[in-house]
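We count residues from 1, following the sequence as given.
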Amino acid sequence: HLRDIKDSQKDIYNFLESFCFFIKTAIEREKEKTKLKNLSYVNSFTNAQNRNHFNENIEQNRNKEPRSLGVIYLDLNGLKEIGHIAGDTLIITASYALQEIFLDNSYRVGGDEFVVIGQDVSELLFFDQYAKLLKRMKELEISVATGCVWKETCSNLSETLQEAIKRCMKIKSDIIL
């Protein structure tokens with residue numbers, strides 16, 4: 001009878017050991033999936049959200065109900081003139097400033113181009129953050145061209161983005177002329 005109890009305990013121990021192994025493996029697999037997803041969404045150079053995450057955001061919002069929306073398209077000026085290393089430093093600095101002000105709502109979508117998407121944000125708050133961004137860029141001595149659009153109700157994020165890009169490019173062309 002004592003031998004049966006020891007065998008049962010050994011079986012329970014083996015079962016628990018196997019169960020723990022499978023749970024540990026499942027947890028590690030989930031951590032790796034999260035890590036890979038993060039890598040696919042974050043620009044490793046600037047630590048900003050990247051174009052993949054931006055595109056997914058656009059797609060997810062394609063058929064949503066109209067709501068308030070603010071979009072900023074930001075293009076850094078003069079990178080070619082200052083050289084590669086200084087330009088890289090400027091890109092990283094600008095990215096951190098954007099993240100500081102807009103948290104998880106900013107994306108690096110090109111070499112020196114960033115987009116901010118403020119969803120369900122009041123006009124006052126959005127333009128306050130925009131003013132803080134411009135002030136911060138000036139303090140950091142970073143020259144930027146921006147296009148800023150805010151809409152009370154917006155059902156098409158892509159169109160609003162295009163409007164912000166056009167405004168930015170107009171400012172950029174005025175700077176060059």
Side-chain angles (χ1 to χ4, degrees), residues 34-62 64 67-152 154-177:
T34 300
K35 186 177 176 182
L36 287 172
K37 186 172 185 176
N38 188 44
L39 286 172
S40 74
Y41 283 167
V42 175
N43 178 278
S44 60
F45 180 64
T46 61
N47 229 17
Q49 295 181 83
N50 65 17
R51 183 174 277 285
N52 289 339
H53 201 194
F54 172 76
N55 288 339
E56 186 172 293
N57 189 333
I58 295 272
E59 193 58 40
Q60 286 174 349
N61 287 288
R62 190 169 303 283
K64 289 212 173 170
R67 59 179 179 223
S68 66
L69 178 79
V71 175
I72 300 168
Y73 187 84
L74 181 140
D75 193 350
L76 301 176
N77 295 325
L79 293 184
K80 291 179 181 127
E81 290 81 15
I82 62 172
H84 188 72
I85 293 172
D88 285 352
T89 302
L90 222 56
I91 290 168
I92 292 168
T93 304
S95 177
Y96 285 147
L98 280 159
Q99 292 171 60
E100 175 185 309
I101 296 166
F102 294 100
L103 305 175
D104 292 333
N105 297 320
S106 63
Y107 305 83
R108 182 177 182 209
V109 295
D112 62 351
E113 299 156 335
F114 295 86
V115 172
V116 172
I117 299 174
Q119 298 175 351
D120 298 320
V121 63
S122 73
E123 183 177 18
L124 184 64
L125 175 62
F126 183 73
F127 281 107
D128 182 56
Q129 289 176 312
Y130 179 58
K132 285 179 185 174
L133 173 66
L134 295 178
K135 180 181 178 201
R136 187 73 178 124
M137 292 298 168
K138 193 170 193 164
E139 290 169 354
L140 294 168
E141 298 179 3
I142 299 174
S143 175
V144 296
T146 62
C148 182
V149 178
W150 184 87
K151 295 189 176 188
E152 179 69 41
C154 177
S155 57
N156 192 324
L157 176 56
S158 294
E159 283 179 10
T160 306
L161 173 64
Q162 288 307 312
E163 190 177 334
I165 291 171
K166 284 179 188 172
R167 288 181 183 188
C168 178
M169 292 305 122
K170 170 80 172 106
I171 290 170
K172 197 144 183 109
S173 69
D174 289 347
I175 291 171
I176 294 171
L177 298 176

Worksheet entry | Step-by-step side chain to side chain donor-acceptor pair (under 3.5 Å) determination, D88 to H84 | CA-CA 6 Å; D88 285 352; H84 188 72; 3.3 Å; yes

Practice prompt. Would you confirm whether K80, through its side chain, and G87, through its main-chain N or O, come within 3.5 Å as a donor-acceptor pair?
Written response: no

Worksheet item: Is the backbone of V121 close enough, under 3.5 Å, to the side chain of S68 for a donor and an acceptor to pair up by distance?
Response: yes

Worksheet item: Where is the tightest heavy-atom contact between L76 and K172, given as atom of each residue plus distance?
Response: O-NZ, 3.2 Å

Worksheet, complete the sentence: On a heavy-atom basis, the closest approach of C148 and F127 is SG-CE2, 3.5 Å

Worksheet item: Only one of N43, I117, V115, D104 clears side-chain contact (heavy atoms from CB on, under 4.5 Å) with Q49; which?
Response: D104

Fill in: N-O pairing of E163 and K166 below 4.0 Å
no

Item to complete: Over all heavy atoms of both residues, which pair between S158 and N156 is shortest? Give the atoms and the distance, please.
Response: N-OD1, 3.1 Å

Fill in: Any donor-acceptor pair under 3.5 Å from N55 side chain to I58 backbone
no

Fill in: Over all atoms of both residues, closest heavy-atom pair of G147 and R167
CA-CB, 3.8 Å

Worksheet item: In terms of heavy-atom contacts, does CD of E139 have more than 12 from other residues, nucleotides or ligands at under 6.0 Å?
Response: yes

Worksheet item: Does a side-chain heavy-atom distance below 4.5 Å link L133 with V144?
Response: no

Item to complete: Kindly give the heavy-atom pair with the smallest separation between Y107 and N50, and that separation in Å.
Response: CD2-O, 3.8 Å

Fill in: Check: R108 side chain, G110 main-chain N or O, donor-acceptor pair, under 3.5 Å
yes

Discussion item. To the nearest 0.5 Å, what is the distance between CD1 on I171 and CG on D75?
Written reply: 11.0 Å

Worksheet item: Taking atom CE of M137 and atom CG of N77, what is their separation to the nearest 0.5 Å?
Response: 11.0 Å

Response to the item:
Closest heavy-atom pair, G111 versus I91, reported as atoms and distance to 0.1 Å, is O-CD1, 3.4 Å

Worksheet item: Judged by modelled atom types alone, do S95 and Q99 share a side-chain donor-acceptor pair under 3.5 Å?
Response: yes

Discussion item. For the OH atom of Y96 and the OG1 atom of T46, what is their distance to the nearest 0.5 Å?
Written reply: 7.5 Å

Discussion item. I need the D112 CG to I142 CD1 distance, nearest 0.5 Å.
Written reply: 11.5 Å

Discussion item. As an exercise, state the distance from CZ of F114 to CD1 of I72, rounded to the nearest 0.5 Å.
Written reply: 13.0 Å

Worksheet item: Taking the inter-plane angle between the rings of F126 and F102 on a 0 to 90° scale, is it parallel (under 30°), tilted (30 to 60°) or perpendicular (over 60°)?
Response: tilted

Discussion item. Once rounded to the nearest 0.5 Å, what's the spacing between atom CG of L69 and atom CD of E152?
Written reply: 11.0 Å

Worksheet entry | Test item: V116 and Q129 side chains (from C-beta on) under 4.5 Å apart, heavy atoms | no

